[in-house]
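These notes are about the structure you will find just below.
First the proteins, then the strands, lettered A, B, ... as listed; each starts at 1.
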2 protein chains.
Amino acid sequence: MGRRSDHSREEIQAMAIDAAAKLVETEGFQSLTARKVAKAIGYTVGTLYHVFRNFDDLVIHLNAQTIDEMAALIQQQIRKKRNPEMRIRVMAEFYVQYATDHPDRWRLVFEHQAPRGLPTPELMKERRDVMFELVAENLREIAPDRIPHEVAHTATALWSGIHGICILALTGKLYLGGAFSMVKLIETLVDSVLHEFRHR
Amino acid sequence: MGRRSDHSREEIQAMAIDAAAKLVETEGFQSLTARKVAKAIGYTVGTLYHVFRNFDDLVIHLNAQTIDEMAALIQQQIRKKRNPEMRIRVMAEFYVQYATDHPDRWRLVFEHQAPRGLPTPELMKERRDVMFELVAENLREIAPDRIPHEVAHTATALWSGIHGICILALTGKLYLGGAFSMVKLIETLVDSVLHEFRHR
DNA sequence: GTATAAATTGAACGCCGTTTAATAAAGCGG
DNA sequence: CCGCTTTATTAAACGGCGTTCAATTTATAC
């Protein structure tokens, strides 16, 4: 049947992304399908393909929204802090918090793979580095005379490490040789890298 | 049709795992399918299901083999070294090396998810912690008087961090704010955590 | 040599992402 | 208000997926 125009293209896009987010949270990212999303917003798959290039495109939009959400939460939390070292600690704490609260949305960001060969869309490039940038900013404040390359290097090492703890914990692959908390693990990593960064 | 007995159950299992490994390396882990594996070993899907419980079971066996291969490579490398700190460095170096050489097999180990609710099979439980144990052993040698819990904690933090760098690099999600090498990033993390571990 | 047990197949099921022809509605020029 | 064009939407189809199962062929045991 024909066009209803109950919703604009942008509205349908937003509805689809929100529905996808909800499906991912309730059923897990592995079982997200185009048909489920379409059904959830009262359309058929065809309409989804009218609004997104393909299923990966939808996932990429969802992931962008997830990153924005997480980044907003974290930036809101560090705005309350004045000490750059404290800010980095809080960032790590709430990164873990968000990942724990939304494990499937968070994993989808990192485990989704755009079709082989196709370039990463600008949509993601812009967002990919937001956390690294935030860490780098605060490292710069801790040691203003360090060359930018060194700051970037440390930010990358530190944040990749935190990410590693996070993902192993969430996927149940963390070493359990002594029952410890994720928070303490993160603390150890932050302490170690920040200490090394300062005294070198 | 009917039983040929050209190969025993165990032979078919081994052939399937090897074929799967090859397919993962050549076509990527996302496009591994039961039908392709069956075709590669000259059987039909039905036979695969006679030998594996399901497709996840096949993947789990492949992943176990991948971990064994990687662990063997690493243990062979550190046998040459006497210094425990040096051993940890070499472990990290060859962990990255293996991941870089076999990106899809390595990613499959960490991104495959056994069906929700089902317990992790013993097959994987045994192997999941092999790298952590290896790190812990050498940390113990570096500081023999530390309580086991502290050693396990540090091993977990360090190795999770290295894993994080590894996976972000391989999935193209690493911060590129200053063109640095993976090797240097790993070095920074190892240096930082080992230093903190010693002087505390 | 025949009965029994096991291995292997091909076809089916219900899903998946994706494409497409048909159709219904909206917008528009007169 | 009427046709005409454009666009939104649908249902149906395609090939491929993991999985199941009845049918069939073979090896083995007696």
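For the pair Phe55(A) CZ and dT19(C) P, the interatomic distance rounds to 14 Å; values are reported in whole Å. Across the protein-nucleic acid pair, Tyr49(B) atom OH and dT19(D) atom C1' stand 5 Å apart, rounded to whole Å. Atom CG in Leu48(A) sits roughly 11 Å away from atom P in dT9(D) (whole-Å rounding). Between Lys36(B) atom NZ and dG18(D) atom C1' the separation is 14 Å, expressed in whole Å. In this structure, CZ of Arg9(A) is placed 17 Å from P of dA26(C), rounded to the nearest angstrom. With rounding to whole Å, Tyr43(B) atom OH is found 14 Å from dT26(D) atom P. With rounding to whole Å, Ile41(B) atom CD1 is found 14 Å from dA7(C) atom P. Rounding to whole angstrom units, CG of residue Leu32(B) and P of dG16(D) are separated by 16 Å.
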For this session: Determine, step by step, whether Glu27(B) and Lys36(B) satisfy the salt bridge (Lys or Arg N to Asp or Glu O under 4.0 Å) criterion, reporting the C-alpha distance in whole Å, the side-chain angles of both residues, the deciding distance to 0.1 Å, and the verdict.
Result: CA-CA 11 Å; Glu27(B) 302 184 14; Lys36(B) 283 185 193 169; 2.8 Å; yes

For this session: For Gln113(B) and Arg107(A), run side-chain hydrogen bond (donor to acceptor under 3.5 Å, both in side chains): C-alpha distance rounded to whole Å, both residues' side-chain angles, the deciding distance at 0.1 Å, then the answer.
Result: CA-CA 11 Å; Gln113(B) 162 137 292; Arg107(A) 284 189 61 186; 2.8 Å; yes

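Side-chain atoms of Arg35(B) stay outside donor-acceptor range of the base of dG16(D), with no qualifying N/O pair under 3.5 Å.
Note on Leu58(A): nothing from the nucleic acid sits closer than 4.0 angstrom, heavy atoms only. Within the 4.0 angstrom heavy-atom criterion, only backbone atoms of the sugar-phosphate kind lie near Thr33(B); the bases stay farther away.
Where Thr47(B) and Gly46(A) each meet DNA chain C at their nearest nucleotide, the meeting point lying more 5' is that of Thr47(B). Of the residues near DNA chain D, Val45(A) and His50(A), the one whose nearest nucleotide (by heavy atom distance) lies more toward the 5' end is His50(A).
Note: His163(A) and Tyr95(A) have tilted aromatic rings, judged against thresholds of 30 and 60 degrees for the angle between ring planes. Aromatic ring pairs are classed by plane angle as parallel below 30°, tilted from 30° to 60° and perpendicular above 60°; the pair His199(A) and His195(A) is parallel.
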